[in-house]
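Report on one structure; see the data block that follows.
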Amino acid sequence: MNDLKSKFLEVYSALKSELLHDPAFEFTDVSRQWVERMLDYNVPGGKLNRGLSVIDSYQLLKDGKELTDEEIFLASALGWCIEWLQAYFLVLDDIMDNSQTRRGQPCWYRLPKIGMIAVNDGIVLRNHIPRILKKHFRGKPYYVDLLDLFNEVEFQTACGQMIDLITTLEGEKDLSKYSIPLHHRIVQYKTAYYSFYLPVACALLMAGENLENHIDVKNVLIEMGTYFQVQDDYLDCFGHPDVIGKIGTDIEDYKCSWLVVKAMELSNEEQKKLLHENYGKEDPTSVAKVKELYNTLNLQGVFEEYESKSYEKLISSIEAHPSKAVQAVLKSFLAKIYKRQK
(Lines give C-alpha, C1' and ligand atoms only; values in the text may rest on other atoms or scores of the structure.)
Protein backbone atom coordinates (compact mmCIF):
# COMPACT_ATOMS: atom_id res chain seq x y z
CA MET A 1 0.00 0.00 0.00
CA ASN A 2 2.82 2.41 0.87
CA ASP A 3 4.46 1.59 -2.46
CA LEU A 4 1.20 2.43 -4.22
CA LYS A 5 0.92 5.71 -2.32
CA SER A 6 4.46 6.75 -3.26
CA LYS A 7 3.73 5.95 -6.94
CA PHE A 8 0.51 7.96 -6.62
CA LEU A 9 2.44 10.96 -5.24
CA GLU A 10 4.95 10.70 -8.12
CA VAL A 11 2.04 11.08 -10.54
CA TYR A 12 1.00 14.27 -8.67
CA SER A 13 4.43 15.75 -9.35
CA ALA A 14 4.22 14.81 -13.03
CA LEU A 15 0.73 16.31 -13.44
CA LYS A 16 1.71 19.46 -11.55
CA SER A 17 4.73 19.95 -13.81
CA GLU A 18 2.54 19.59 -16.94
CA LEU A 19 0.03 22.12 -15.60
CA LEU A 20 2.77 24.61 -14.74
CA HIS A 21 3.96 24.42 -18.36
CA ASP A 22 0.53 24.30 -20.01
CA PRO A 23 1.00 25.84 -23.48
CA ALA A 24 -2.47 27.45 -23.34
CA PHE A 25 -1.13 30.11 -20.96
CA GLU A 26 2.09 32.12 -20.96
CA PHE A 27 3.36 31.81 -17.40
CA THR A 28 5.65 34.32 -15.76
CA ASP A 29 7.90 33.20 -12.90
CA VAL A 30 5.57 34.91 -10.43
CA SER A 31 2.37 33.27 -11.74
CA ARG A 32 4.02 29.86 -11.99
CA GLN A 33 5.27 30.09 -8.38
CA TRP A 34 1.80 31.19 -7.24
CA VAL A 35 0.06 28.21 -8.86
CA GLU A 36 2.68 25.77 -7.58
CA ARG A 37 2.38 27.01 -4.01
CA MET A 38 -1.43 26.98 -4.25
CA LEU A 39 -1.45 23.39 -5.56
CA ASP A 40 0.99 22.08 -2.95
CA TYR A 41 -1.00 23.73 -0.17
CA ASN A 42 -4.44 22.51 -1.24
CA VAL A 43 -4.27 19.34 -3.33
CA PRO A 44 -2.09 16.60 -1.79
CA GLY A 45 -2.65 17.33 1.91
CA GLY A 46 -5.56 15.06 2.86
CA LYS A 47 -5.85 11.31 3.37
CA LEU A 48 -6.06 10.84 -0.45
CA ASN A 49 -8.65 8.07 0.03
CA ARG A 50 -10.77 9.15 -2.94
CA GLY A 51 -7.82 9.21 -5.33
CA LEU A 52 -6.26 5.95 -4.15
CA SER A 53 -9.67 4.26 -4.37
CA VAL A 54 -9.62 4.60 -8.18
CA ILE A 55 -6.47 2.43 -8.36
CA ASP A 56 -7.79 -0.08 -5.78
CA SER A 57 -11.12 -0.36 -7.56
CA TYR A 58 -9.56 -0.72 -11.01
CA GLN A 59 -7.24 -3.46 -9.76
CA LEU A 60 -10.16 -5.36 -8.20
CA LEU A 61 -12.14 -5.02 -11.45
CA LYS A 62 -9.15 -6.61 -13.22
CA ASP A 63 -9.48 -9.54 -10.74
CA GLY A 64 -6.38 -8.42 -8.84
CA LYS A 65 -4.05 -8.82 -11.85
CA GLU A 66 -0.77 -6.90 -11.76
CA LEU A 67 -1.34 -3.50 -13.37
CA THR A 68 0.97 -2.17 -16.08
CA ASP A 69 2.84 1.08 -15.47
CA GLU A 70 0.51 2.82 -17.90
CA GLU A 71 -2.59 1.52 -16.10
CA ILE A 72 -1.20 2.68 -12.75
CA PHE A 73 -0.43 6.10 -14.24
CA LEU A 74 -3.88 6.52 -15.81
CA ALA A 75 -5.78 5.29 -12.73
CA SER A 76 -3.62 7.64 -10.61
CA ALA A 77 -4.31 10.57 -12.97
CA LEU A 78 -8.07 9.99 -12.57
CA GLY A 79 -7.60 9.69 -8.81
CA TRP A 80 -5.81 13.04 -8.82
CA CYS A 81 -8.62 14.61 -10.84
CA ILE A 82 -10.93 13.69 -7.92
CA GLU A 83 -8.43 15.15 -5.42
CA TRP A 84 -8.31 18.36 -7.53
CA LEU A 85 -12.12 18.47 -7.48
CA GLN A 86 -12.07 18.02 -3.71
CA ALA A 87 -9.47 20.81 -3.32
CA TYR A 88 -11.61 23.15 -5.44
CA PHE A 89 -14.70 22.44 -3.32
CA LEU A 90 -12.80 22.85 -0.03
CA VAL A 91 -11.07 26.13 -0.93
CA LEU A 92 -14.45 27.70 -1.75
CA ASP A 93 -16.34 25.88 1.04
CA ASP A 94 -13.97 27.27 3.68
CA ILE A 95 -14.66 30.83 2.47
CA MET A 96 -18.45 30.25 2.55
CA ASP A 97 -18.29 28.75 6.05
CA ASN A 98 -15.82 31.35 7.31
CA SER A 99 -13.67 28.42 8.54
CA GLN A 100 -10.39 28.83 10.38
CA THR A 101 -8.50 25.60 9.75
CA ARG A 102 -8.46 22.72 7.30
CA ARG A 103 -6.35 19.55 7.66
CA GLY A 104 -4.64 21.00 10.73
CA GLN A 105 -3.42 24.21 9.05
CA PRO A 106 -4.99 27.62 8.32
CA CYS A 107 -7.47 27.67 5.42
CA TRP A 108 -5.86 28.89 2.19
CA TYR A 109 -7.87 32.15 2.07
CA ARG A 110 -6.72 33.01 5.61
CA LEU A 111 -3.05 33.14 4.64
CA PRO A 112 -1.38 36.57 4.34
CA LYS A 113 -1.77 38.10 0.86
CA ILE A 114 -4.22 35.38 -0.28
CA GLY A 115 -7.65 36.50 0.97
CA MET A 116 -10.29 36.59 -1.77
CA ILE A 117 -7.77 35.68 -4.51
CA ALA A 118 -8.61 32.19 -3.19
CA VAL A 119 -11.94 32.40 -5.08
CA ASN A 120 -10.07 32.55 -8.37
CA ASP A 121 -7.65 29.87 -7.16
CA GLY A 122 -10.68 27.60 -6.68
CA ILE A 123 -11.73 28.30 -10.27
CA VAL A 124 -8.18 27.53 -11.49
CA LEU A 125 -8.23 24.20 -9.60
CA ARG A 126 -11.55 23.32 -11.23
CA ASN A 127 -10.15 24.16 -14.67
CA HIS A 128 -7.11 21.94 -14.21
CA ILE A 129 -9.32 18.83 -14.31
CA PRO A 130 -10.29 19.03 -18.01
CA ARG A 131 -6.66 19.92 -18.82
CA ILE A 132 -5.47 16.66 -17.20
CA LEU A 133 -8.26 14.65 -18.86
CA LYS A 134 -7.54 16.14 -22.28
CA LYS A 135 -3.81 15.47 -22.09
CA HIS A 136 -4.03 11.85 -20.95
CA PHE A 137 -7.44 10.52 -22.04
CA ARG A 138 -8.33 12.29 -25.26
CA GLY A 139 -7.57 9.23 -27.37
CA LYS A 140 -9.49 6.82 -25.14
CA PRO A 141 -12.91 5.50 -26.18
CA TYR A 142 -14.33 6.54 -22.78
CA TYR A 143 -13.03 10.16 -22.93
CA VAL A 144 -16.45 11.77 -23.48
CA ASP A 145 -17.97 9.59 -20.76
CA LEU A 146 -15.27 10.79 -18.34
CA LEU A 147 -16.00 14.44 -19.13
CA ASP A 148 -19.73 13.82 -18.69
CA LEU A 149 -19.13 12.03 -15.39
CA PHE A 150 -17.02 14.82 -13.88
CA ASN A 151 -19.44 17.52 -15.10
CA GLU A 152 -22.46 15.70 -13.71
CA VAL A 153 -20.90 14.95 -10.32
CA GLU A 154 -19.66 18.53 -9.96
CA PHE A 155 -23.17 19.81 -10.69
CA GLN A 156 -24.70 17.41 -8.14
CA THR A 157 -22.16 18.44 -5.48
CA ALA A 158 -22.72 22.17 -6.06
CA CYS A 159 -26.50 21.65 -5.75
CA GLY A 160 -25.97 19.66 -2.54
CA GLN A 161 -23.88 22.51 -1.15
CA MET A 162 -26.66 24.93 -2.13
CA ILE A 163 -29.39 23.05 -0.25
CA ASP A 164 -27.07 22.71 2.76
CA LEU A 165 -26.40 26.48 2.78
CA ILE A 166 -29.99 27.62 2.25
CA THR A 167 -31.23 25.20 4.94
CA THR A 168 -29.06 26.87 7.58
CA LEU A 169 -29.85 30.48 6.60
CA GLU A 170 -29.46 32.97 9.42
CA GLY A 171 -32.74 34.45 10.64
CA GLU A 172 -34.78 31.50 9.38
CA LYS A 173 -33.77 28.99 12.01
CA ASP A 174 -36.43 26.36 12.47
CA LEU A 175 -35.44 22.92 13.69
CA SER A 176 -38.79 21.46 12.73
CA LYS A 177 -37.69 21.76 9.05
CA TYR A 178 -34.91 19.26 9.71
CA SER A 179 -35.78 15.66 8.87
CA ILE A 180 -34.07 12.41 7.89
CA PRO A 181 -35.17 12.78 4.21
CA LEU A 182 -33.68 16.32 4.09
CA HIS A 183 -30.47 15.11 5.75
CA HIS A 184 -30.19 12.24 3.23
CA ARG A 185 -30.83 14.60 0.33
CA ILE A 186 -28.08 17.02 1.39
CA VAL A 187 -25.65 14.15 2.00
CA GLN A 188 -26.44 12.34 -1.24
CA TYR A 189 -25.70 15.38 -3.37
CA LYS A 190 -23.05 17.17 -1.32
CA THR A 191 -20.87 14.18 -0.43
CA ALA A 192 -21.88 10.76 -1.70
CA TYR A 193 -21.62 11.33 -5.46
CA TYR A 194 -18.10 12.74 -5.53
CA SER A 195 -16.64 10.81 -2.58
CA PHE A 196 -18.10 7.36 -3.21
CA TYR A 197 -19.59 7.01 -6.67
CA LEU A 198 -17.02 9.02 -8.64
CA PRO A 199 -13.89 6.92 -7.83
CA VAL A 200 -15.67 3.65 -8.70
CA ALA A 201 -17.27 5.14 -11.83
CA CYS A 202 -13.80 6.24 -13.04
CA ALA A 203 -12.48 2.71 -12.52
CA LEU A 204 -15.50 1.17 -14.30
CA LEU A 205 -14.97 3.45 -17.34
CA MET A 206 -11.27 2.59 -17.46
CA ALA A 207 -12.20 -1.10 -17.35
CA GLY A 208 -14.39 -0.58 -20.45
CA GLU A 209 -17.73 -0.76 -18.64
CA ASN A 210 -20.85 1.24 -19.50
CA LEU A 211 -22.07 3.19 -16.46
CA GLU A 212 -25.69 2.77 -17.57
CA ASN A 213 -25.35 -0.92 -16.70
CA HIS A 214 -24.26 -0.16 -13.15
CA ILE A 215 -27.11 1.85 -11.64
CA ASP A 216 -27.30 -0.70 -8.78
CA VAL A 217 -23.61 -0.06 -7.99
CA LYS A 218 -24.31 3.68 -7.91
CA ASN A 219 -27.21 3.12 -5.49
CA VAL A 220 -25.11 1.04 -3.09
CA LEU A 221 -22.35 3.67 -3.13
CA ILE A 222 -24.84 6.49 -2.44
CA GLU A 223 -26.16 4.45 0.54
CA MET A 224 -22.57 4.03 1.71
CA GLY A 225 -21.96 7.76 1.38
CA THR A 226 -25.03 8.44 3.53
CA TYR A 227 -23.76 6.05 6.20
CA PHE A 228 -20.33 7.73 6.02
CA GLN A 229 -21.87 11.17 6.61
CA VAL A 230 -23.96 9.94 9.56
CA GLN A 231 -20.66 8.66 11.04
CA ASP A 232 -19.16 12.09 10.33
CA ASP A 233 -22.02 13.85 12.14
CA TYR A 234 -21.59 11.46 15.06
CA LEU A 235 -17.80 11.98 15.24
CA ASP A 236 -18.25 15.77 14.97
CA CYS A 237 -19.91 15.61 18.40
CA PHE A 238 -18.54 12.45 20.07
CA GLY A 239 -15.14 12.01 18.35
CA HIS A 240 -11.95 13.29 19.96
CA PRO A 241 -10.49 16.38 18.18
CA ASP A 242 -6.97 14.88 18.42
CA VAL A 243 -8.18 11.80 16.54
CA ILE A 244 -10.46 13.43 13.95
CA GLY A 245 -8.06 16.35 13.31
CA LYS A 246 -10.58 19.16 13.76
CA ILE A 247 -12.89 20.63 16.37
CA GLY A 248 -16.51 19.79 15.57
CA THR A 249 -18.81 22.81 15.18
CA ASP A 250 -22.06 21.30 13.83
CA ILE A 251 -24.05 22.40 16.90
CA GLU A 252 -22.77 26.01 16.72
CA ASP A 253 -23.25 26.10 12.92
CA TYR A 254 -26.90 24.99 13.13
CA LYS A 255 -26.13 22.11 10.77
CA CYS A 256 -28.82 19.68 9.67
CA SER A 257 -26.90 16.95 11.47
CA TRP A 258 -28.20 13.38 11.84
CA LEU A 259 -27.85 13.81 15.62
CA VAL A 260 -30.15 16.83 15.88
CA VAL A 261 -32.74 15.21 13.60
CA LYS A 262 -32.72 12.10 15.82
CA ALA A 263 -32.84 14.25 18.97
CA MET A 264 -35.95 16.06 17.63
CA GLU A 265 -37.59 12.68 16.89
CA LEU A 266 -36.89 11.31 20.38
CA SER A 267 -37.46 14.43 22.52
CA ASN A 268 -40.50 15.28 24.62
CA GLU A 269 -41.90 18.84 24.44
CA GLU A 270 -39.61 20.16 27.17
CA GLN A 271 -36.49 18.67 25.53
CA LYS A 272 -37.56 20.07 22.13
CA LYS A 273 -37.82 23.52 23.77
CA LEU A 274 -34.26 23.13 25.12
CA LEU A 275 -33.03 22.27 21.62
CA HIS A 276 -34.82 25.23 20.02
CA GLU A 277 -33.29 27.57 22.61
CA ASN A 278 -29.71 26.29 22.49
CA TYR A 279 -28.98 24.73 19.08
CA GLY A 280 -26.99 26.97 16.72
CA LYS A 281 -25.50 29.23 19.41
CA GLU A 282 -21.76 29.92 19.70
CA ASP A 283 -22.05 30.09 23.48
CA PRO A 284 -20.22 27.11 25.13
CA THR A 285 -23.00 26.76 27.77
CA SER A 286 -25.61 26.28 25.03
CA VAL A 287 -23.41 23.74 23.24
CA ALA A 288 -22.91 21.85 26.51
CA LYS A 289 -26.70 21.74 27.08
CA VAL A 290 -27.26 20.26 23.63
CA LYS A 291 -24.53 17.62 24.19
CA GLU A 292 -26.02 16.79 27.59
CA LEU A 293 -29.41 16.23 25.97
CA TYR A 294 -27.76 13.99 23.33
CA ASN A 295 -26.38 11.88 26.19
CA THR A 296 -29.73 11.81 28.01
CA LEU A 297 -31.39 10.55 24.80
CA ASN A 298 -28.61 7.93 24.44
CA LEU A 299 -27.76 9.01 20.89
CA GLN A 300 -24.54 6.96 21.10
CA GLY A 301 -26.67 3.83 21.47
CA VAL A 302 -29.05 4.99 18.71
CA PHE A 303 -26.04 5.51 16.42
CA GLU A 304 -24.57 2.06 17.19
CA GLU A 305 -27.88 0.46 16.27
CA TYR A 306 -28.05 2.52 13.05
CA GLU A 307 -24.46 1.52 12.23
CA SER A 308 -25.02 -2.22 12.58
CA LYS A 309 -28.31 -2.12 10.62
CA SER A 310 -26.73 -0.07 7.81
CA TYR A 311 -23.79 -2.47 7.63
CA GLU A 312 -26.07 -5.53 7.34
CA LYS A 313 -28.20 -3.84 4.68
CA LEU A 314 -25.14 -2.79 2.65
CA ILE A 315 -23.57 -6.26 2.84
CA SER A 316 -26.77 -7.93 1.61
CA SER A 317 -27.10 -5.40 -1.28
CA ILE A 318 -23.45 -5.99 -2.23
CA GLU A 319 -23.74 -9.78 -2.12
CA ALA A 320 -26.78 -9.62 -4.40
CA HIS A 321 -24.53 -8.26 -7.19
CA PRO A 322 -23.79 -10.87 -9.90
CA SER A 323 -20.14 -9.88 -10.40
CA LYS A 324 -17.61 -11.05 -7.80
CA ALA A 325 -15.15 -8.32 -8.93
CA VAL A 326 -17.75 -5.58 -8.37
CA GLN A 327 -18.62 -7.14 -4.99
CA ALA A 328 -14.92 -6.95 -4.06
CA VAL A 329 -14.77 -3.25 -5.01
CA LEU A 330 -17.81 -2.41 -2.89
CA LYS A 331 -16.68 -4.52 0.08
CA SER A 332 -13.25 -2.88 0.01
CA PHE A 333 -14.94 0.55 0.20
CA LEU A 334 -17.15 -0.53 3.07
CA ALA A 335 -14.21 -2.03 5.00
CA LYS A 336 -12.42 1.34 4.88
CA ILE A 337 -15.25 3.16 6.64
CA TYR A 338 -16.99 0.61 8.89
CA LYS A 339 -16.56 1.59 12.57
CA ARG A 340 -14.00 4.27 11.69
CA GLN A 341 -12.82 6.62 14.44
CA LYS A 342 -11.80 9.56 12.22
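We use all heavy atoms of the structure for the numbers below, so side chains are in, but hydrogens, waters and symmetry mates are not.
- Aromatic pair F137/Y143: centroids not less than 6.0 angstrom apart.
- Annotation for D40 and P44: closest pair O-CD, 3.5 Å, computed over non-hydrogen atoms.
- Here Y254 and Y178 bring their ring centres to under 6.0 angstrom of each other.
- A distance-only check finds a donor-acceptor pair linking the side chain of E71 to the backbone of T68 [under 3.5 Å].
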Could you check W108 against R37 for side chain to side chain contact (heavy atoms under 4.5 Å, CB included), going step by step and ending with a plain yes or no?
CA-CA 10 Å; W108 175 244; R37 179 183 169 217; 4.2 Å; yes
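- Residue-environment remark: NZ (K324) stays at or below the threshold of 12 foreign heavy atoms within 6.0 Å.
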Could you walk me through whether V217 and L330 satisfy the side chain to side chain contact (heavy atoms under 4.5 Å, CB included) test, starting with their C-alpha distance in whole Å, then the side-chain angles of each, then the deciding distance to 0.1 Å, before giving a yes or no?
CA-CA 8 Å; V217 173; L330 297 171; 4.1 Å; yes
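- Taking the charged nitrogens against the carboxylate oxygens, K289 and E277 have no contact shorter than 4.0 Å, which rules out a salt bridge.
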Listed pairs under 3.5 Å, donor-acceptor, residues 73-87 side chains, sequence neighbours left out:
| residue | atom | partner | partner atom | Å |
| --- | --- | --- | --- | --- |
| S76 | OG | I72 | O | 2.7 |
| W80 | NE1 | F8 | O | 2.7 |
| E83 | OE2 | G51 | N | 3.0 |
| W84 | NE1 | H128 | ND1 | 3.1 |
| Q86 | OE1 | Y194 | OH | 2.4 |

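- By the 4.0 Å N-to-carboxylate-O rule, E154 lies close enough to R126 to be salt-bridged with it.
- Residues satisfying the salt bridge (Lys or Arg N to Asp or Glu O under 4.0 Å) criterion with D164, sequence neighbours excluded, are K190, K255.
- Residues E265 and K262 are paired through a salt bridge, judged by an N-O separation under 4.0 Å between the basic side chain and the carboxylate.
- Surrounding NZ of K16 are more than 12 heavy atoms belonging to other residues, nucleotides or ligands, all under 6.0 Å away.
- Summarising the local packing, CZ of R185 is surrounded by 12 or fewer heavy atoms from other residues, nucleotides or ligands at distances under 6.0 Å.
- A salt bridge does not link R32 to D22: none of the charged nitrogens lies less than 4.0 Å from a carboxylate oxygen.
- A donor-acceptor pair under 3.5 Å links the side-chain atoms of Y109 to the main chain of S99, judged by distance alone.
- Of all non-hydrogen atoms in D236 and D250, the two that sit nearest each other are OD1-N, 3.0 Å.
- K331 approaches E319 most closely through the heavy-atom pair NZ-OE2, 2.8 Å.
- Other residues, nucleotides and ligands contribute over 12 non-hydrogen atoms within 6.0 Å of the CZ atom of F25.
- Between the side chain of H321 and the main chain of S317, no donor-acceptor pair closer than 3.5 Å is present.
- For the atom pair S195 OG and I222 CD1, the distance stands at 9.5 Å (nearest 0.5 Å).
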Worked check of side chain to side chain contact (heavy atoms under 4.5 Å, CB included) between V119 and M116
CA-CA 6 Å; V119 175; M116 286 303 112; 4.1 Å; yes
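- By the 30° and 60° cut-offs, the orientation of the rings of Y193 relative to Y189 is tilted.
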Can you give the donor-acceptor pairs under 3.5 Å from side chains of residues 197-210 to other protein atoms, not counting sequence neighbours?
| residue | atom | partner | partner atom | Å |
| --- | --- | --- | --- | --- |
| E209 | OE1 | H214 | NE2 | 2.9 |
| N210 | OD1 | E212 | N | 2.9 |

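- In the displayed structure, K272 atom NZ is contacted under 6.0 Å by more than 12 heavy atoms of other residues, nucleotides or ligands.
- One finds no salt bridge joining K309 and E223 here, because no Lys/Arg side-chain nitrogen approaches an Asp/Glu carboxylate oxygen to under 4.0 Å.
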